[in-house]
Every structure is written in structure tokens, then in C-alpha cells.
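Structure record follows, encoded as C-alpha cells.
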Amino acid sequence: MSHYLNIDYLDMTFATPRGPLNVLNNVNLKVQKGDFVSIIGHSGCGKSTVLNIVAGLLRATTGGVLLEEREVVEPGPERAVVFQNHSLLPWMTVYENVRLAVDKVRRGAPRAERDAWTLENLERVHMTHAKDQYPGEISGGMKQRVGIARALAMEPKVLLMDEPFGALDALTRAHLQDEVMKLQSELGNTVLMVTHDVDEAVLLSDRIVMMTNGPAATIGEVLEIDLPKPRERLVMADNAQYNHYRAEVLRFLHERHKNPESEAA
Amino acid sequence: MSTNYADMQLVGVKRENDKDAEGRTEPTVGRETKPAERIDTAGADPTAHDDRFEVMADMFQRWIPVLVLPLITFGLLLGGWTWLQSTVSPDLPTPVQVWDEAVFLLGDPFYDHGPNDMGIGWQVLYSLGRVLTGFGLAALVGIPLGLMMGASLSMRRALGPVVQLLRPVSPLAWLPLGLLVFEAVNPSAIFVIFITSIWPILINTAAGVQAIPRDYTNVSQVLRLGRLEAARKILIPATMPYILTGMRLALGIAWMVIVAAEMLTGGVGIGFFIWDEWNNLNVASIIVSIFVIGLVGIALDGGVALIKKRFDYAPA
Ligand SMILES: Nc1ncnc2c1ncn2[C@@H]1O[C@H](COP(=O)(O)OP(=O)(O)O)[C@@H](O)[C@H]1O
Ligand SMILES: [Mg+2]
């Protein structure tokens, strides 16, 4: 049966100076429309590689990705990416960064409409006040918000996020997680997010995909998070079910698939 | 091939982390205005009265290195010169003679008594005209070519070895070819400046394109920007600081080379002016010209630095 997003039999081997490096081995994943799916795993296992293949920025060695039954062969705005390091263009203002995307996806729309859509998306992430500032002048959390606004403005079929909050301090991260939860419940985006933060994964996801360690990493386990939404961070802290899920993920990561670096130590 | 190219980049290429160091050496003007600003704010502060002495002492300490040290160097230079003139080399004009000559030359820089007798202002302007023409042409050719070289491995492979071979050649070696082809001295001098300027511009532009972070090209790909759009919105703005560094280097070298080129080609221009004054044994005039050339060089460099500032972006 065909799902909204099909990731089928992905194999990825990079050619490196020290010979071929088999990073992914037979990665299969189905995502339903409106799902929030997290990919979790130790650093270097190949999470970003999976995401970049879905984005079309990398071509899998074998296997492929189908989105609404169409094969992904190149990057495109219907698979917008929020990168870990925000990747805003530093010579453009916050507004111009979002507008660049709007001009592309709403090509042909009247100028006023494109302006309104840019502002609407900046408002969604509460960044209207900084619209004329440059990325170099705003904080890391604000940059990430703008990155999210830019991605949302593309109205993607799948929103791809690669450790979107990885570089932020704990408080800012929690704040942005809450906002992403809120936005997702309002807009019903289909989201594929890479993370290595267990709480983030359990709090935000409908499903957590746990990857084994590389090389030749694959999907070890999939955990359905059956918690009602919206989820409140503080309520969840005392929720037995939440803590059970949390423990499941931790067990996977720290018992069954230990961090290769800590094992070596 | 690729390693060769990496070697080539070493020349005159500014890496990201060099920028700060460079930025600090640029605006001497900006640095000198700082003490004044400090006094202003201190004056607005009601408690500042007690601190006035301290502020003045502070200002004094800041100005000592900025003003006094260069003055000492200058004094030593004058002293050495006078000593040299009075002992080993009596043919050298004295500082006073040079000063008189400067007053004479700069008093009426734009007189025009026919092509063989024009004021030093005209000489400088003619040279500047040649430099800016050759430099402008080099930018017109070098920037697009550099962008293509940076963006395409095939272009790098095609052009890299040629650029490498020609870059170390003194631009003056091209002068006879210019004379042969153009059969006139003025276009030949411009041609020499073109050759001088093209390498730094070309190499820095190409290096700038290659230094574009993967993030920016990812954005361009996800947005499916077309070739032209990607060039206009991402490639060129991202490369701009490198392009301008290349242009700054090019202009600096071009201003040096024009003097030598004009000595060979003759005509109106500061280079031939110096040569002519040498034939007249007017050494004082030559020394004045050296200072004038230096000052114009500073102005040119400052001009490009200003433009560069406008296009530099704070790394996000
Ligand atoms: N372009 C590439 N060439 C060679 N090896 C790569 C490339 N991209 C990633 N890798 C390797 O693939 C592995 C997985 O990388 P990545 O997907 O970034 O891991 P993660 O995002 O889980 O930390 C790492 O060992 C990395 O060194
Ligand atoms: Mg990663």
C-alpha cells in the first residue's frame, strides 16, 4: 500500500578517499499525511543523510523516495528544509530572506499578496518586529525562527527539519519546541525531524524512528507515541505514559545501541 | 589539477577569518575619531568634571602612538636625508629644496602649455585615466570569468594552468605585444594595466565562489532558483567581499605598474613625468612626485575599501 511519503530500501554509500563508506543500509519508512515523525540516533549514524535524500539534496545509491506517489529526484520547495545552522543569507534582511522563498513559490501572484504572505509567516514565528534586521544582528533562536518562517512560507508537503534546535540553549529550545507544536497543530504539516534529544522527540512526535549505529545504519525500532495533543511540557513531566516512552527511547539508545564513542572510551 | 589550483589561490586570497584582521588595518580615520567621541560622551556626563584630567590624560595617551610616533619616524627620515645629502650624496636636493619644488608644482597643478608641458595634476589624472580604464576592463572580463571558474570544474581545468603560467609574469613584459597590436602607446599602457589587474580579480572571484558555504547553495537548490536568479541572489552577493578584495589588490598593483609602463611609453602621465624630470636632472621634482603617487595610492585604496565596506556582510 502506498503512503503519503514512502522511503523505500535506501542504501547510501559515499565514496571517500579511504574507499567506499556504507552509511545507510535498507532504510524503510512510511509517513502518513499530517504525521510528525522524528528520527533519533547517535551522532554520525546517518540521520542527516536520510533527511537530505528526502530533500533531494543527495541521491541514494539504491532505493528511493516517493512523495504522493511521485519520485523525488531533486530538491524543491514542496520539501522545505529547516537546517540546523539556519542557513539564512546574511546579506539579506529577515524579511528579504523569507520573501526570496515567497517570490519563488508564489511566482505570478500580485506584489501585495506576496508581501502579505511574507509578513504572515514572519508573524507566525513572532519575528515581524525584526523584519528589517540582518541575520548577523539577531540571536540564534531568532534566526531559527526565521528559518522556520521561510520553510512554512513554502507550504511544503513535507517539512524537513535537521536538528532545528540543536544549537540553541535549553530555554530557547523549549520555547521553540512549544511553538513548533502549536504551529503544527494549527497547520497540520507533515513533518520529518532529525534530533538527538530524547525529550524533544517524545514531546513533539507521533512516531519516533530509532536508528542503529553506523556504518550501514538502519531503522532499529519505531515507537508510536500515543499521547493526546496538544501536549503540555509540564504536564508531560508527570505523565507515566510519557515517561515510559522516554525510557523506551533511552533504553534503545543507551543499552541496545550504545554511543560508539562512549564504547571506545 | 585541483592541487595546482589550490596553490594558485594562495596569492592574494583573503580567507574568511582574515577579514577581521584586514578590517582593523583599514579605516585609520575611524580609529582616530574615537578619542573625540569619548570626550563628547564624557562631557555630557555630569560626573565627568572630576574626570576631566583623566580624560585628557587618556586622550593624550591615545594620540601619542597615533600622531607622535609617525612624526618621530618622519623626523628621523628628514634627519637621515639631510645627513646623507651633506655627506655622501651632495647631488641630492635638500628637504627645503624639495619643499620649494612642492610648493611650485602643487601651486599650479593644472596648467597646460601643450602636451610636453603640463601641470603635475594633469600628469596624475592621465595616469589615473589609464589605470581606471585598464582596471575597469579587467573587472568586466575578470569577474564573470572568475565566477564561471569558481562554479565549474571544467572551467577551472580549462583556465587554471594558463592563469598559473601567466600570473607570475611581469605585466610590463606584455608591453611590446601591446605596441605591436595596438600600434599606439596609450592603448598599450591600458593593456598592460588590464593584464596587471585581471589576475587578482579573476583568482579572488573564483576563490570566493568556491568558498560559498554549502548552506547557501542548499537554499538555492531547495528554492529551485534558476541559473540567473541564483547568480543574482546568491552567487554574486556571497562572492562580493572576495571580488572586492581582488579589485583592491588589483588597483594597488596597477597604480604601481602604471609608473613603470609610462616611463617606457612616454606621453603625459606621472611615470613619464618622473622620467622626464630625471633627464632634466630635477631630482626635487621626482621626490615630490613620489609623495604625490603615494597619496593618490592611499586615496584609491581608501575608495575601494569604502565600497568594500558597503558590500561586506556580517557572517550570520
Ligand atoms: N558527503 C559525504 N561524504 C562522505 N561521507 C559522508 C558524507 N556525508 C556524510 N558522511 C558520513 O556519513 C555518516 C553519517 O553522516 P550524517 O548523516 O551526517 O550523520 P548524523 O546526521 O546522524 O550525525 C558519517 O560517518 C559521515 O562522516
Ligand atoms: Mg546530522
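Proteins get letters first, then strands, A, B, ... in listed order; numbering begins at 1 in each. Fair warning: this is a prediction, and the values are worked out from it, not measured in the lab.
- To the nearest 0.5 Å, atom CG of residue N85(A) and atom CZ of residue R214(B) are 12.0 Å apart.
- The local environment of CG in L69(B) is crowded, with over 12 non-hydrogen atoms from other residues, nucleotides or ligands closer than 6.0 Å.
- Atoms CD1 and CE, on I234(B) and M92(A) in that order, are 6.5 Å from each other to the nearest 0.5 Å.
- Here the CG-CE distance, from L223(B) to M154(A), works out to 4.5 Å after rounding to the nearest 0.5 Å.
- Contacts of E78(A) with chain B are made by side-chain atoms alone, with heavy-atom separations under 4.5 Å and no backbone atom involved.
- Within a 6.0 Å radius of CZ in F14(A), other residues, nucleotides and ligands contribute more than 12 heavy atoms.
- At a 4.5 Å heavy-atom cutoff, A55(A) makes no contact with chain B through either its backbone or its side chain.
- Proximity of a side-chain donor or acceptor of W91(A) to a complementary backbone N or O of K233(B) within less than 3.5 Å is detected.
- For the atom pair CG (D162(A)) and CG (N218(B)), the distance works out to 10.5 Å, reported to the nearest 0.5 Å.
- The shortest heavy-atom contact between G226(B) and K104(A) is N-NZ, 4.2 Å.
- Between R224(B) and P75(A), the closest heavy-atom pair is NE-O, 3.0 Å.
- When heavy atoms are compared at a cutoff of 4.5 Å, F83(A) approaches chain B solely by way of its side chain, counted from C-beta outward.
- Enclosure of atom CD in E69(A) is not indicated, since only 12 or fewer non-hydrogen atoms of other residues, nucleotides or ligands lie within 6.0 angstrom.
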